[in-house]
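Note that ligands are numbered from 1 as they come in the structure, with each ligand's atoms numbered from 1 the same way. In what follows, every heavy atom counts, from backbone to side chain, and hydrogens, waters and symmetry copies are set aside.
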Amino acid sequence: MAPMTRGRSGPTRVPNELNVAYYAARASAGLIITEGASFSQEAHGWVASAGLETQEQVEGWKKVVDAVHAKGGLISVQLWHMGRASHSSFRADKALPVAPSAIAIQGDMHIADGSKAPSEVPRALETSELPRVASDFAAAAARAKEAGFDFVEIHGANGYLLDEFLQSAANQRTDAYGGSKENRFRLIGEVIEAVTKVYPANRVGIRLSPNGVYNSMGGADNADEFVYYISRINEYKLGWLHLMDGLAFGFHEKGRPFMLSEARAVYDGPIMANCGYTQETAEAAIAAGHADAVSFGRPFLNNPDLVERFRDGIALSDMLPLPLWYSPGAEGYTDVPTAQELSK
Ligand SMILES: Cc1cc2nc3c(=O)[nH]c(=O)nc-3n(C[C@H](O)[C@H](O)[C@H](O)COP(=O)(O)O)c2cc1C
């Protein structure tokens, strides 16, 4: 199950009974990757998403993890720093969001009170602050360990902080963390090194979105640059490389698309593909040797028993309507029936 922010944890960001029921109902996924869990004041930026910052949040996650384990599932948290996609309204000190460079995302965003406002021009992180960013990821991994997560996934996708460092669309730095692709890789490399001191490398996954357009990302050289980044990640022997190769969530169209087969040529470890796959296209990607696994996002929203439906050839429920993706409460979250419940 692919990571999906659902905004069901309220203003405290403490995982609650609804979250427990939602994840437990999807334990047959085999491996659940949770919604992005932001882990510091600087990292937060989504209304009511679950946090991994406080002890109370750790205790809340423990209940989620225990419930998934009790049903025989495995669960990874996703470590999320929102970078410039955050907003000062999410912070007690009302400081600006941080990013590699002072370049804003185009357009409006949802701010802390749920209304929409223009994205802010972020504050460029000082070079001297970057070791602290890596250690914030490691501290969050330590909290994940305390909560009992089997794995952690580093969120390096979708125009959040680490992806911003990788791509020239957001990174115009002139220090050792910008300019060349070697320099743009530096922060994510340091984050991987820090997190793999907390979890063994084969318990750490990483997610990238080489084709993504979300959060004003994308560039002419993306496809080639991501092949380089993947060749660098190969050195760390991680548990998985999670690639949003599919174009179903929008494509930047500033260059050619990145292909899954390009990753295979430079990557020895397990590759998990994602984005717009169906049972058939997923099986074809695996049969062709392009991926070892495929994660599903949206199909899980309205099909908690997605795996059983695939196995038994049962039709999927319609896509969950968009207004229910991030809305508070049980509707469209824990009241979603399995095929067995539907047939009663
Ligand atoms: C409601 C919703 C929330 C999402 N939240 C996250 C997230 O927290 N972290 C992440 O990496 N991707 C997130 N995504 C992207 C999904 O993980 C996935 O890449 C996307 O839905 C495409 O896969 P699919 O076609 O199987 O749905 C989200 C997608 C949806 C629909």
Side-chain angles (χ1 to χ4, degrees), residues 1-9 13 15 19 22-23 26 29 31-39 43-52 61 64 75-83 85-86 110 140 151-164 166 188 205-215 217 240-251 258 260 271-283 285 291 293-304 306-307 309-310 316-328 331-333 336:
M1 176 171 155
M4 282 186 291
T5 297
R6 302 300 309 275
R8 290 329 200 262
S9 299
R13 304 189 186 280
N19 304 143
Y22 167 80
Y23 283 113
R26 288 158 180 76
L31 170 61
I32 293 173
I33 303 171
T34 69
E35 64 202 272
S38 50
F39 49 72
H44 299 316
W46 196 287
V47 176
S49 65
L52 186 55
W61 278 120
V64 171
I75 183 163
S76 169
V77 75
Q78 189 186 47
L79 303 177
W80 192 23
H81 189 310
M82 290 190 60
S86 182
H110 284 286
F151 305 89
V152 294
E153 178 174 272
I154 297 166
H155 196 340
N158 297 342
Y160 298 111
L161 186 74
L162 298 178
D163 194 24
E164 290 161 16
L166 292 177
I188 203 165
I206 192 159
R207 187 168 223 227
L208 302 176
S209 53
N211 291 321
V213 65
Y214 185 59
N215 282 330
M217 299 307 283
W240 65 82
L241 170 65
H242 195 174
L243 287 173
M244 292 174 66
D245 63 292
L247 308 182
F249 239 68
F251 172 49
F258 165 91
L260 207 48
I271 293 176
M272 189 188 303
N274 169 257
C275 207
Y277 281 87
T278 62
Q279 180 176 8
E280 291 71 28
T281 58
E283 281 172 356
V294 172
S295 69
F296 293 88
R298 290 164 294 176
F300 263 110
L301 297 174
N302 230 358
N303 299 279
L306 185 69
V307 169
R309 294 198 200 201
F310 281 169
L316 303 191
S317 296
D318 290 342
M319 182 71 77
L320 186 74
L322 202 136
L324 295 174
W325 287 12
Y326 308 108
S327 54
E331 192 187 358
Y333 193 62
V336 177

From R298, M82, E35, M1 - option closest to atom 25 (O) of ligand 1 by heavy atom:
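The residue whose heavy atom sits nearest atom 25 (O) of ligand 1 is R298.
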
If the cut-off is 4.0 Å to any non-hydrogen atom of [X], which atoms of ligand 1 fall inside it?
X    : answer
A2   : 17 (O)
F296 : 26 (O)
N158 : 10 (C), 11 (O), 12 (N)
M244 : 19 (O)

Check step by step if side chain to side chain donor-acceptor pair (under 3.5 Å) holds for W80 and E35.
CA-CA 9 Å; W80 192 23; E35 64 202 272; over 6 Å; no

Is there at least one pair of N or O atoms, one from G36 and one from ligand 1, spaced under 3.5 Å apart?
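Yes; the residue has a nitrogen or oxygen that sits under 3.5 Å from a nitrogen or oxygen of the ligand.
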
Audit row: E331, L324, side chain to side chain contact (heavy atoms under 4.5 Å, CB included) steps and yes/no
CA-CA 7 Å; E331 192 187 358; L324 295 174; 3.8 Å; yes

Tell me: protein heavy atom nearest [atom], and distance?
atom                    : result
atom 26 (O) of ligand 1 : G297 N, 2.8 Å
atom 19 (O) of ligand 1 : N274 OD1, 2.6 Å
atom 30 (C) of ligand 1 : M4 CG, 3.8 Å
atom 13 (C) of ligand 1 : P3 O, 3.0 Å
atom 10 (C) of ligand 1 : R207 NH1, 3.2 Å
atom 9 (N) of ligand 1  : Q78 OE1, 2.8 Å
atom 8 (O) of ligand 1  : T5 OG1, 2.6 Å
atom 20 (C) of ligand 1 : F249 CE1, 3.8 Å

For ligand 1, which part of P299 has a heavy atom less than 4.0 Å away: the side chain, the backbone, both, or neither?
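Just the side chain.
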
Give the contacting part of Y326 toward ligand 1: side chain, backbone, both or neither, where contact means a heavy-atom distance below 4.0 Å.
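The answer is the side chain.
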
Only one of D245, L166, D163 forms a side-chain contact (heavy atoms from CB on, under 4.5 Å) with L208, so which one is it?
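The single option meeting the side-chain contact (heavy atoms from CB on, under 4.5 Å) with L208 is L166.
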
Do [X] and [Y] have side-chain heavy atoms sitting under 4.5 Å apart?
X    : Y    : answer
W240 : E153 : yes
H242 : P3   : yes
S327 : R8   : yes

Could you report the tightest heavy-atom contact between L301 and R26, atom names first, then the distance?
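Of all heavy-atom pairs spanning L301 and R26, the closest is O-NH2, 3.1 Å.
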
Do you know the tightest heavy-atom contact between F39 and A43?
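Looks like N-CB, 3.7 Å.
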
Please verify whether a non-hydrogen atom of C275 lies at under 4.0 Å from ligand 1.
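A heavy atom of C275 does come that close to ligand 1.
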
For ligand 1, is A248 a contact, meaning one of its heavy atoms is under 4.0 Å away?
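For ligand 1, residue contact (heavy atoms, under 4.0 Å) with A248 is absent.
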
Let me see the working for R298 and W325 under side chain to side chain contact (heavy atoms under 4.5 Å, CB included), right down to the final yes or no.
CA-CA 9 Å; R298 290 164 294 176; W325 287 12; 3.7 Å; yes

Of all residues at least two apart in sequence or in a different chain, which pass the side chain to side chain contact (heavy atoms under 4.5 Å, CB included) check with Q279?
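Counting only residues at least two positions away or on another chain, Q279 forms a side chain to side chain contact (heavy atoms under 4.5 Å, CB included) with E283, F310.
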
Only distances under 3.5 Å count here; give the side-chain donor-acceptor pairs of residues 154-162 to other protein atoms, sequence neighbours excluded, each with its distance to 0.1 Å.
from	atom 1	to	atom 2	distance (Å)
H155	ND1	A157	N	3.2

